[in-house]
Amino acid sequence: MNIGLIGYPKSGKTTIYNALTGNTGATDKYIQAHHEAHVGVVMVLDDRVTKLSEMYKPKKTIYAHLEYHDFPALFTEHKEDINMNTLLSEIKTMEGFVIILRSFPDDELDELYGKSDPVRDIQKFEDEMLLIDMVIAEKRLEKIELSYKRGIKTPALQLEEKALHHVIESLHEGLPIRKIELGSDEEKAIRGFQFMTQKPVLALLNCSEDNFSQVDEILVKLKEMGYLTAAIAGKFEEELSRMEAADAADFMADMGIKESVRDRLTHLCFELMGYINFFTVGEDEVRAWTIEKGDNAVTAAGKIHSDLARGFIRAECFQYGDLVEHGSEKVLKEKGLFKLEGKEYIVRDGDILSIRFNV
Ligand SMILES: Nc1nc2c(ncn2[C@@H]2O[C@H](COP(=O)(O)OP(=O)(O)OP(=O)(O)O)[C@@H](O)[C@H]2O)c(=O)[nH]1
Ligand SMILES: [Mg+2]
């Protein structure tokens with residue numbers, strides 16, 4: 001999964017990126033924004049994979065991973081010329097966004113960008129994204145109408161036109177595309193545009209150490225606005241990520257932080273995207289795979305290899321929890337917990353699959 005860290009200038013995107021990835025992107029109040037995204041890969045240190053690896057003792061153990069892309073600030077005047085179109089086309093390849101909102105006081109930043117106000121910021125930011133989507137949708141509509149005038153009026157074009165009208169109408173009402181109920185045919189017709197407001201958004205408050213525990217009201221407000229939301233103390237977390245593990249644990253206990261920022265954000269991103277993990281096990285490899293909640297066995301098989309989806313016969317399937325409880329595949333078979341599932345089987349989080357196939 002790839003997630004874009006986006007937001008207004010100096011909201012703490014790079015600080016949080018550093019905390020998450022252990023990388024060292026430059027963070028400075030005074031320098032101009034970096035020109036390109038920093039990209040960092042974070043392993044999803046799932047205890048279940050560790051446990052499976054202990055049981056099967058494979059040659060290789062592969063955890064799921066997610067990629068964070070720390071982008072330059074959006075919707076601001078860049079003195080050095082960042083090519084906005086290039087930047088936007090890169091941002092659009094993200095599966096989801098974490099919008100980082102400055103929630104720490106800072107006199108100089110307050111003077112430059114106004115006093116910290118996360119609710120105002122996310123509203124403005126979403127409005128800017130709406131506008132981008134609107135321009136794209138309207139331009140495309142004009143082209144479609146031109147085609148009509150030239151006598152080209154295919155069913156596909158008509159469907160696209162209908163979907164775009166639907167989208168534009170909602171955007172005009174200030175509704176992001178992710179909140180519109182689109183028919184599956186409409187959804188398909190507009191997929192290629194990779195609209196900004198169609199992507200899932202996590203609203204992340206970047207707090208100071210001092211106000212970290214005082215942002216509940218803002219979190220409630222953001223929830224009411226329909227956002228999945230959380231607060232972290234970005235700079236503190238960046239410092240933690242550079243400490244020895246034992247020291248970091250002491251500091252976290254002091255602050256009442258139970259989980260590392262990596263694990264917390266990993267869980268939130270899975271929740272945001274509606275993703276789950278299934279596993280494959282064996283002597284060669286124990287591995288975690290990421291799919292969407294609701295995906296069936298064929299889609300899951302296709303993640304492993306397209307041949308497995310094409311030649312899918314059945315999936316041998318058991319649950320991680322059952323395996324741990326009963327100790328071996330043999331006992332699971334005796335208890336009827338080792339199942340053969342067909343193409344339509346909806347894979348669950350923690351399923352262990354082996355695909356029978358024939359190509
Ligand atoms: N007090 C405080 N300062 C922070 C925090 N996070 C970031 N800062 C400071 O804010 C400034 C900007 O931080 P960055 O992480 O570079 O922000 P950014 O959003 O990546 O900035 P651009 O990429 O230039 O838009 C730096 O001086 C940071 O030290 C925080 O949680 N608390
Ligand atoms: Mg930055």
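Both ligands and their constituent atoms are indexed starting at 1 by order of listing. Because only heavy atoms are used, hydrogens play no part in the values below, and waters and symmetry mates are left out as well, while side chains stay in.
- Between Phe75 and Phe125, the two ring planes are perpendicular [angle over 60°; tilted spans 30° to 60°].
- Salt-bridge annotation for Arg102 and Asp110: present, with a side-chain N of the basic residue lying under 4.0 Å from a carboxylate O of the acidic one.
- At a 4.0 Å heavy-atom cut-off, ligand 1 touches Thr14 through backbone and side chain alike.
- For ligand 1, the atoms closer than 4.0 angstrom to any heavy atom of Gly234 are 31 (O).
- Ionic pairing of Arg48 and Asp349 is present here: one or more N-O contacts between side-chain nitrogen and carboxylate oxygen are shorter than 4.0 angstrom.
- Between Tyr113 and Tyr8, the ring center distance fails the sub-6.0 Å criterion.
- Taking 4.0 Å as the cut-off, Ser11 counts as a neighbour of ligand 1 on heavy-atom distance.
- Counting only residues at least two apart or on different chains, the salt bridge (charged side-chain N to carboxylate O under 4.0 Å, His left out) pairs with a member in residues 240-249 are Glu238-Arg242.
- Backbone or side-chain N, O or S atoms of Thr14 reach the Mg ion (ligand 2) at under 2.8 Å.
- Heavy-atom distances between Ser103 and ligand 1 stay at or above 4.0 Å for every pair.
- For Arg191 and Phe193, the positive end is not near the middle of the six-membered ring at less than 6.0 Å and at most 45° from its axis.
- By the 3.5 Å distance cut-off applied to N or O atoms, Lys13 is counted among the residues near ligand 1.
- Ligand-side atoms of ligand 1 in range of Lys235: 2 (C), 3 (N), 4 (C), 5 (C), 29 (O), 30 (C), 31 (O), 32 (N), range being under 4.0 angstrom from any heavy atom.
- Nearest to atom 13 (O) of ligand 1 by heavy atom, out of Leu74, Ile6, Asp106, Thr15, is Thr15.
- Under 4.0 Å from ligand 1, not a single heavy atom of Pro72 appears.
- Take Arg356 and apply the salt bridge (charged side-chain N to carboxylate O under 4.0 Å, His left out) test, not counting sequence neighbours, and it matches Glu316.
- Taking a cut-off of under 4.0 Å to the non-hydrogen atoms of Pro9, the atoms of ligand 1 that pass are 25 (O).
- Polar contact check, Lys10 against ligand 1: a nitrogen or oxygen pair lies under 3.5 Å apart.
- The closest donor-acceptor contact from the side chain of Asp295 to the backbone of Glu292 lies under 3.5 Å.
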